[in-house]
Amino acid sequence: MKTKGAVLRNPGEKWQIEEFELGDPVAGEVQVKLVSSGLCHSDHHLRTGDSPAPMPVLGGHEGAGVVTKVGPGVTRLKEGDHVVTAFIPACGTCEPCSRGQQNICDEGARLLTGLSISDDTNRAHTHDGLPLVQMCMLGTFAPYITVNQASLVKIEDDIPLQAAALLGCGVATGWGSAVEIGGTHAGDTVVVVGIGGVGINSVQGAAAAGARNVIAVDPVPFKLQMAEKLGATHTFASMEDALEAIGDITWGRMANTTILTVGEIDGSMIAPALALTGKGGQVVVVGMGNFQSMDAQMNLFELTLLQKRVQGAIFGGASPRTQVPALLNEYRAGKLNLSDLVTNTYRLDQINEAYDDMLAGNNIRGMIVYGEDDY
């Protein structure tokens, strides 16, 4: 079928809305009609060249919709099912999946190539015949996607699909960074640095887990206001501003966990994050930086003698097939707020405006909502 999507031809350029050819599902694949797609900073890393990707690339990795076609051998899904995309596929059979770490499934290595799990080819092609890489093997900046069943999680029909799209990246990553890999316990102090589409959900997760102090750090006042609404007990404009106050709040013990959810991570952020963190605590690094960056600053004396940890995290350290249903239960119980996460919605052809808003700090999360003209 012919459809349209936001395509990046070269780093440094703007997204272009182009018509492209989307193939039918082959063995193990389905086609999905999307309702919405979240606008994540990770896709912007393609524009800056911080994330390596073959070009041209169809952006987007956070979406939800309805299955419209099913290929041979598909056992997990059928036409009419409601699904959320998972930017990390979960095959269920590789060694990480078998030990419960679906978020580092071996099929995730294909994220750097965009080739389909089923046959190592491209399911999408540009109007001029070039292979079109789908971001995270998804490409949700288009109203239709053809993807492997390993990249989708079925959800119940009562969940609003527009809001459910957020579970595919921002909500699951943020919540899990506080609750799963972050291991927040009742009475803990948790610091979240960067209150965007991921960090706001680290705030929600830490609050739901019973943290005594949930401290949000961001230079944008309205983001701090939203953090307070969704569970933050204290807010600061910078890590430097927060340092002395956290010492006072915790009687000198500092944070159990500091979570770095900034849009662009830099090695210079590790040392101040460790300074906010107490003995035996950890810094969870969630934000992405340039793929070639090798430098991080930290005090090794402090790291050893105070037994601190620096921990990377993808998808919040949780497995997509268990985390998405668990988060939906939190939503039904009123512990997870989805309705306030989207600051503004956009048409597909407004995608560059939407990313300008993100970079200007105007959005917690922007979202593309597909209309009848898009299908």
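All residue numbers in this chain count up from 1 along the given sequence.
The shortest non-hydrogen separation linking Thr261 to Ser202 is CG2-OG, 3.9 Å. Of all heavy-atom pairs between Thr68 and Val32, the closest is OG1-N, 4.1 Å. Of all heavy-atom pairs between Ser118 and Asn148, the closest is OG-ND2, 3.1 Å. The minimum heavy-atom distance linking Met269 with Leu260 is given by the pair O-CD1, 4.2 Å. For the pair Val203 and Leu230, the tightest heavy-atom approach, listed with the atom from each and the gap, is CG1-O, 3.8 Å. Here the shortest heavy-atom pairing between Ala354 and Leu39 reads CB-CD1, 3.4 Å.
Using a 3.5 Å distance cut-off with no hydrogens or angles, the side chains of Ser293 and Asp295 do not pair a donor with an acceptor. For the residue pair Asp357 and Asn363, no side-chain donor N or O sits within less than 3.5 Å of a side-chain acceptor on the partner.
Remark: His127 NE2 is packed, more than 12 non-hydrogen atoms of other residues, nucleotides or ligands lying under 6.0 Å away. Within 6.0 Å of atom CZ in Arg212, 12 or fewer heavy atoms from other residues, nucleotides or ligands are found, so the atom counts as exposed in its surroundings.
Rounded to the nearest 0.5 Å, atoms CD1 (Ile368) and OG1 (Thr140) are 7.5 Å apart. For the atom pair Met288 CE and Ile265 CD1, the distance stands at 11.5 Å (nearest 0.5 Å). A distance of 11.0 Å separates CE of Met55 from CG of Leu132, quoted to the nearest 0.5 Å. Here Ser339 contributes atom OG and Gln162 contributes atom CD; the two are 11.5 Å apart, rounded to the nearest 0.5 Å. Put simply, CG on Leu224 and OG1 on Thr235 are 4.5 Å apart, with the number rounded to the nearest 0.5 Å. Put simply, CG on Asn344 and CD on Glu353 are 8.5 Å apart, with the number rounded to the nearest 0.5 Å.
The salt bridge (Lys or Arg N to Asp or Glu O under 4.0 Å) contacts involving residues 78-102 comprise Lys78-Asp81, Asp81-Lys154, Glu95-Arg99, where partners must be two or more places apart or lie in separate chains. Residue pairs meeting the salt bridge (Lys or Arg N to Asp or Glu O under 4.0 Å) criterion with at least one member in residues 252-272: none, sequence neighbours excluded. Sorted by first and then second residue, the pairs that involve residues 128-142 and meet salt bridge (Lys or Arg N to Asp or Glu O under 4.0 Å), not counting sequence neighbours, are Arg9-Asp128. Residue pairs satisfying the side chain to side chain donor-acceptor pair (under 3.5 Å) criterion with at least one member in residues 304-318, sequence neighbours excluded, are listed as follows: Glu302-Lys308. The ring-ring contact (aromatic ring centres under 6.0 Å, His included) pairs that include a residue from residues 199-226 number zero, where partners must be two or more places apart or lie in different chains. Counting only residues at least two apart or on different chains, no salt bridge (Lys or Arg N to Asp or Glu O under 4.0 Å) pair has a member in residues 241-251.
A distance-only check finds a donor-acceptor pair linking the side chain of Asp218 to the backbone of Val220 [under 3.5 Å]. Judged by distance alone, the side chain of Asn256 and the main-chain N or O of Thr189 form a donor-acceptor pair under 3.5 Å. Counting only distance, with no hydrogens or angles, the side chain of Gln297 and the backbone of Ser268 share a donor-acceptor pair below 3.5 Å. Judged purely by atom type and a 3.5 angstrom limit, Tyr375 uses its side chain to pair as donor or acceptor with the backbone of Leu34. Side chain of Ser116 to main chain of Arg123: no donor-acceptor pair is present (N/O by atom type, distance under 3.5 Å, no hydrogens or angles). In this structure, Glu180 contributes its side chain and Phe315 its backbone to no donor-acceptor pair below 3.5 Å.
You'll find the side chain of Cys91 stays beyond 4.5 Å of the side chain of Ile117, heavy atoms only. Using a 4.5 Å cut-off on side-chain heavy atoms (C-beta onward), Ile259 and Val286 make contact. Asn213 has its side chain within reach of His234: a pair of non-hydrogen atoms, C-beta onward, lies under 4.5 Å apart. Inter-residue side-chain proximity for Val191 and Phe236 is flagged as unmet; no heavy-atom pair is nearer than 4.5 Å. Looking at heavy atoms from C-beta onward, Ile155 lies out of side-chain contact with Val83 at the 4.5 angstrom threshold. You'll find the side chain of Lys14 stays beyond 4.5 Å of the side chain of Tyr355, heavy atoms only. Taking the side chain as every heavy atom from C-beta outward, Val193 and Val262 approach each other to under 4.5 Å. Contact of the Gln204 side chain with the Leu336 side chain is registered, since non-hydrogen atoms from C-beta on lie closer than 4.5 Å.
A search for side chain to side chain donor-acceptor pair (under 3.5 Å) contacts involving Gln350 returns nothing, not counting sequence neighbours. Scored by the side chain to side chain donor-acceptor pair (under 3.5 Å) test, Thr258 finds Thr277 as partners (sequence neighbours excluded). Here Glu107 pairs with Arg110 under the side chain to side chain donor-acceptor pair (under 3.5 Å) rule; sequence neighbours left out. Legend: residues meeting side chain to side chain donor-acceptor pair (under 3.5 Å) with Asp50, ordered by chain and number and at least two apart, are Thr48, Asn290. Residues satisfying the side chain to side chain contact (heavy atoms under 4.5 Å, CB included) criterion with Val147, sequence neighbours excluded, are Gln134, Leu138, Ile145, Leu152.
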Got a list of side-chain donor-acceptor pairs under 3.5 Å for residues 20-28, not counting sequence neighbours?
| residue | atom | partner | partner atom | Å |
| --- | --- | --- | --- | --- |
| Glu21 | OE1 | Lys2 | NZ | 3.1 |
| Glu21 | OE2 | Met1 | N | 3.4 |
| Asp24 | OD1 | Lys69 | NZ | 2.8 |

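Using a cut-off of 4.0 Å between Lys/Arg side-chain N and Asp/Glu carboxylate O, Arg332 and Asp158 are scored as salt-bridged.
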